[in-house]
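Being a predicted model, the structure only gives us computed values, none of them experimental. Proteins come first, then strands; the chains are lettered A, B, ... in the order of their sequence lines, and each starts at number 1.
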Protein chains: 2
Amino acid sequence: MSQPPDVESLRLLVLVGELGSLGRAARALDISQPSASKRMSTLERRLRLELVERGPGGSSLTTAGRVVSDWARRVLDELDVLLTGAEALRGERDAELRVAASMTVAEHLAPGWIAELRRNADGLYVGLQVTNSGTVADLVRRSEVALGFIESPSVPPGLNSRRVAADRLAVVVAPHHPWSRRRRPLTAAELAATPLVVRELGSGTRDTLERAVGAVQPLLELGSTTAVRSAVMNGAGPAVLSVLAVQADLADGRLVEVPVDGLDLRRSLRAVWPSGRKLGGHAATLLAVAVRSSQ
Amino acid sequence: MSQPPDVESLRLLVLVGELGSLGRAARALDISQPSASKRMSTLERRLRLELVERGPGGSSLTTAGRVVSDWARRVLDELDVLLTGAEALRGERDAELRVAASMTVAEHLAPGWIAELRRNADGLYVGLQVTNSGTVADLVRRSEVALGFIESPSVPPGLNSRRVAADRLAVVVAPHHPWSRRRRPLTAAELAATPLVVRELGSGTRDTLERAVGAVQPLLELGSTTAVRSAVMNGAGPAVLSVLAVQADLADGRLVEVPVDGLDLRRSLRAVWPSGRKLGGHAATLLAVAVRSSQ
DNA sequence: CTGACTCATAGCCCAAGGGTATGACCTGTT
DNA sequence: AACAGGTCATACCCTTGGGCTATGAGTCAG
């Protein structure tokens, strides 16, 4: 009992809200009306909530249905990011546009840009390679990718570059952590003296952090940004993470940012391409999309 | 072919990354090791990506696996919001703590607060009622709920209140909309003269908007914030939405905010409770959580 | 009163995904 | 050298969730 709702049912719920009838939603999903009816019933049974108001003139969402539908849509949006990203990741060989990106860009920005690009250039198949900033520069230099995105503070030689987004590291803690009630900002020394949840050595985030505060004391060393994020939310301790990774959590209170004095934790995310050459075709469009969405 | 990945497989992927072996992940999910193995294979086949590096000493994520795992975690987090919210919605009758909230709070903030509250008060069952701000005030006055959250500009009589979060409406367009390339802010008059994608009459967002700019010209009238958001992303036209609803889209470039001159689109989200009485028990804790996560 | 729409129920069927049993592989220990 | 203990994969069976078609109940408009 209490199984997780499956994604297609959530999509069905959203569609019912938009189209005003179970039957129309069924047609949109390319399933039969009875299937949709049964699916919706099981979704309601699983959540133990009445979600749709059925009537002979169609169906509409109940109040609960509207709220759940909104949450559902966010789930579907994140899934969309995953699928767009996965498709780009898989390309590599036969892609029509190959790009490389460092972790932060690949995780948080690239899927959106690619989705936007593809909305204009229909059916375009993009290949996305994810590595560290140094390798991205190499790939661009050897023309194995048409465009690269890096997060290093300096522009590697032999490349043109354009700033496409701003990023900043933030000290974050769980809401019940004592630091969330501090009245004055942390000092750099306090931060350096406190054991932190950190990424592994060699990650861009860890590099930026150590460049700013010197050596850090690892409390827990984890292999991905969101693993760190989860650890912090579960009360493991403070961490320093890209605001891109935690903005939603800051907004809805799952995490709290702690201001810090005397540290510059900003960094630019840049697009790079072979110097001299002028960008053309899809690469130029993607760059334009990226630049435009940064402001 | 190309079926959507199911949620449990995503959870499995995340767990493999955290625990370092398929078997341990299987135990964590309370399924057998062969099931996990098969599941992971089908996930890889569906995404057509190699996600885990299998070896006799355990399994680790490939580069692609780490990236996908991060996206997966975000999907799971949103699903968590949905489930927490659904549980709160369903309470109502036998809940140990009953609260009421207007749409904006219920959608974007309440699930996080409730999850946080329950992390401290284990097993607490919270009932959440979602209506408009006026009804919330009534419910609080009649003590049908212990605490309410409203988004109206003034505090209804007979109630104590405390500001728990700031909100602001923002003009947003799709990235390829001409307004995204404007160099100077919109004027209030321009905004009033442009047909907008709006919520239905009576919604808090619509009210706030009309109070600020006078009458608006509906281009499309939709029943939920995220429906409006989707319409905008699909190029229907500009809309004015709570930043809480669109911050993630602004960050990853799916939407672009257009600055406006001469309009105050800010609003406060407030907690309300019967005046005179002092808040106690879980209600007081929830208020503290809400206040704390707002800063 | 009939046609057109809504949704629900019944019965059938397939395939996805669960479990157990087993085997291949590697590593460290005896 | 052989074995114990860990990894993961394969083979097999079985249950069930969810798909389909066919049908019926209800409502509304012409």
Note: A:Asp77-B:Arg229 ion pair, threshold 4.0 Å (strictly below): yes
For the residue pair B:Arg199 and B:Leu209, establish whether any side-chain heavy-atom pair is separated by less than 4.5 Å. no
Between [atom2] of [N] and [atom1] of [X], the distance in whole Å:
{"X": "A:Asp6", "N": "C:dA15", "atom1": "CG", "atom2": "P", "value": "19 Å"}
{"X": "B:Arg45", "N": "C:dA15", "atom1": "CZ", "atom2": "P", "value": "14 Å"}
{"X": "B:Arg46", "N": "C:dA15", "atom1": "CZ", "atom2": "P", "value": "14 Å"}
{"X": "A:Ile31", "N": "C:dC7", "atom1": "CD1", "atom2": "C1'", "value": "14 Å"}
{"X": "A:Leu15", "N": "C:dC7", "atom1": "CG", "atom2": "P", "value": "13 Å"}

Counting only heavy atoms not in A:Glu50 (residues, nucleotides, ligands), do more than 12 fall under 6.0 Å from its CD? no
What range of DNA chain D does chain B touch, first nucleotide to last, counting atoms under 4.0 Å from its heavy atoms?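 Nucleotide range with atoms under 4.0 Å of chain B: D:dT7 to D:dT10.
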Under a 3.5 Å threshold, yes or no: a donor from one side chain and an acceptor from the other, between A:Thr104 and A:Glu151?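 Result is yes, a qualifying pair exists.
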Between A:Thr135 and A:Asp138, a side-chain donor and acceptor under 3.5 Å: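 No, no side-chain donor-acceptor pair sits under 3.5 Å.
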Are the side chain of [X] and the backbone N or O of [Y] linked by a donor-acceptor pair below 3.5 Å?
{"X": "A:Ser37", "Y": "A:Gln33", "answer": "no"}
{"X": "A:Glu96", "Y": "A:Tyr125", "answer": "yes"}
{"X": "B:Trp71", "Y": "A:Glu78", "answer": "no"}
{"X": "B:Arg118", "Y": "B:Leu124", "answer": "yes"}
{"X": "A:Thr62", "Y": "A:Leu51", "answer": "yes"}
{"X": "B:Glu44", "Y": "B:Val52", "answer": "yes"}

Below 4.0 angstrom, which residues in residues 32-44 of chain A have at least one non-hydrogen atom near DNA chain D?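 Within this stretch, A:Ser32, A:Pro34, A:Ser35, A:Lys38, A:Arg39 sit under 4.0 Å of the strand.
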Can you give me the N/O atom pairs linking the protein to nucleotides 2-6 of chain C at distances under 3.5 Å, or say none if there are none?
from: C:dT6; atom 1: O4'; to: A:Pro56; atom 2: O; distance (Å): 2.9

